[in-house]
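First the structure, in the form of structure tokens, and then the observations on it.
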Amino acid sequence: SAFSDGRTVLELGCGQALVSMVVAEAFPGLRRVMATDGCGSVLLAAEDNLAKNLSASAADRLLVLPLVWGRASDVEEARALNGGDAFDVILGADVTYMEETDDFVDTIIQLSHSGTHVWISHEPRRHPTEGLVARLRAAFRSVEESQVVLSAQEVGRDEAVAITVWHCECKR
């Protein structure tokens, strides 16, 4: 399993770090979960959220770190805090809302190894994703795309929302 004991997980663009909290609590055998974001004020709010909502055992394995996509020093710091190694799992939830995704994909590539699993979820907005998907397909041998449809009631809107999820593995 991607989330087996001893493995490491990186969340890109963590926001309130909900995904990282769920992963840290659901998979207690993980060696490390790292929640990252490029905005300092967002990270402060995430740390506050973690302090209020995370169990002590999960908190011991969850690290919050600034990481601006494409910034070499941030990528090096994340890798250094992971023992110099790439991550086993990389997650990104609702982080593809901007048209320019090259730095995002470059960061994934730099922090992954041949066995890394990458999951990216995307809520369609105004920007096309063809460039993102092409970059992922160039970097990984397997890129599976699926959709999850959330009802209007689930998302608190007037209409349902189709969320696209990409699962990438086997980095080239």
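Everything quoted here is computed from the prediction, not taken from an experiment.
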Would you say Leu81 ends up clustered with Trp69 if hydrophobic residues are merged whenever their side chains have heavy atoms under 4.5 Å apart, either directly or through other cluster members? yes
Measuring from atom CG of Leu132 to atom CD of Glu100, what distance do you get when rounded to the nearest 0.5 angstrom? 10.5 Å
Check: Leu12 and Ile108 side chains under 4.5 Å, non-hydrogen atoms: yes
Going by heavy atoms in the side chains, are Thr116 and Asp88 under 4.5 Å from each other? no
Measure the spacing between SG of Cys168 and NE2 of His117 and express it to the nearest 0.5 Å. 11.0 Å
Non-hydrogen side-chain atoms of Val22 and Phe27 separated by less than 4.5 Å: no
Please round to the nearest 0.5 Å and tell me the distance separating atom CG of Asp37 and atom CG of Leu67. 9.0 Å
side-chain contact (heavy atoms from CB on, under 4.5 Å) between Val143 and His167, worked out: CA-CA 6 Å; Val143 178; His167 176 214; over 6 Å; no
Do you know the tightest heavy-atom contact between Ser121 and Thr96? O-OG1, 4.2 Å
I need the Glu11 CD to Ile90 CD1 distance, nearest 0.5 Å. 12.0 Å
Kindly work out whether a path of hydrophobic side-chain contacts (I/L/V/M/F/W/Y, heavy atoms less than 4.5 Å apart) joins Leu43 to Leu54. yes
If you compare all heavy atoms of Ala35 against all heavy atoms of Ser20, which two are closest, and at what distance to 0.1 Å? CB-OG, 3.4 Å
Determine the minimum heavy-atom distance between Pro128 and Glu130, stating which atoms define it. CB-OE1, 2.9 Å
Asp5 side-chain N/O to Leu30 backbone N/O, donor-acceptor pair under 3.5 Å: no
Val75-Leu65 co-clustered via ILVMFWY side chain contacts under 4.5 Å: yes
Measure centre to centre between the rings of Trp119 and Phe3, then say whether the value is under 6.0 Å. yes
Test side-chain contact (heavy atoms from CB on, under 4.5 Å) on Asp85 and Thr8 and set out the steps. CA-CA 9 Å; Asp85 297 326; Thr8 59; over 6 Å; no
Under the side-chain contact (heavy atoms from CB on, under 4.5 Å) rule, what do Phe87 and Val89 come out as? Steps first, then yes or no, please. CA-CA 6 Å; Phe87 290 83; Val89 175; over 6 Å; no
Verify, without hydrogens or angle tests, whether Lys171 (side chain) and Ile109 (backbone) share a donor-acceptor contact under 3.5 angstrom. yes
Do the non-hydrogen side-chain atoms of Thr129 and Trp166 ever get within less than 4.5 Å of each other? yes
Whether Arg71 and Asp106 form a salt bridge (side-chain N of Lys/Arg under 4.0 Å from carboxylate O of Asp/Glu) is what I want to check. no
Can you see which heavy atom on Ala46 is nearest to which on Cys14, and at what distance? CB-SG, 4.4 Å
Is the closest side-chain heavy-atom distance between Ile120 and Leu136 below 4.5 Å? yes
Taking the side chain as C-beta and beyond, is there a heavy-atom pair between Glu169 and Val118 under 4.5 Å? no
Determine, step by step, whether Met21 and Leu50 satisfy the side-chain contact (heavy atoms from CB on, under 4.5 Å) criterion, reporting the C-alpha distance in whole Å, the side-chain angles of both residues, the deciding distance to 0.1 Å, and the verdict. CA-CA 7 Å; Met21 285 193 301; Leu50 296 173; 2.9 Å; yes
Give a yes or no on whether Gln147 atom CD has more than 12 heavy-atom contacts from other residues, nucleotides or ligands under 6.0 Å away. yes
Hydrophobic cluster membership, with links at side-chain heavy-atom distances under 4.5 Å among I/L/V/M/F/W/Y: are Val33 and Val42 in one? no
Are Glu123 and Arg157 ion-paired here, with the side-chain N under 4.0 Å from a carboxylate O? yes
Roughly how far apart are Leu62 CG and Glu47 CD, rounded to 0.5 Å? 10.0 Å
Does some side-chain heavy atom of Arg7 sit less than 4.5 Å from a side-chain heavy atom of Arg31? no
Counting only heavy atoms not in Glu154, do more than 12 fall under 6.0 Å of its CD? yes
Please report the closest heavy-atom contact between Gln16 and Ala45, naming both atoms and the distance. NE2-CB, 3.5 Å
Is Asn53 reaching over with its side chain to a backbone N or O of Asn49, donor-acceptor style, under 3.5 angstrom? yes
Between His122 and Thr164, do the side chains contain an N or O donor and an N or O acceptor separated by less than 3.5 Å? no
Report yes if the side chains of Leu10 and Arg32 come closer than 4.5 Å at any heavy-atom pair, otherwise no. no
Spacing of CZ belonging to Arg125 relative to CD belonging to Glu99, to within rounding of 0.5 Å: 14.0 Å
Determine, for Arg135 against Asp102, whether the closest basic-nitrogen to carboxylate-oxygen distance falls under 4.0 angstrom. yes
Between Val161 and Val148, is there a shared hydrophobic cluster once you connect ILVMFWY residues whose side-chain heavy atoms come closer than 4.5 Å? yes
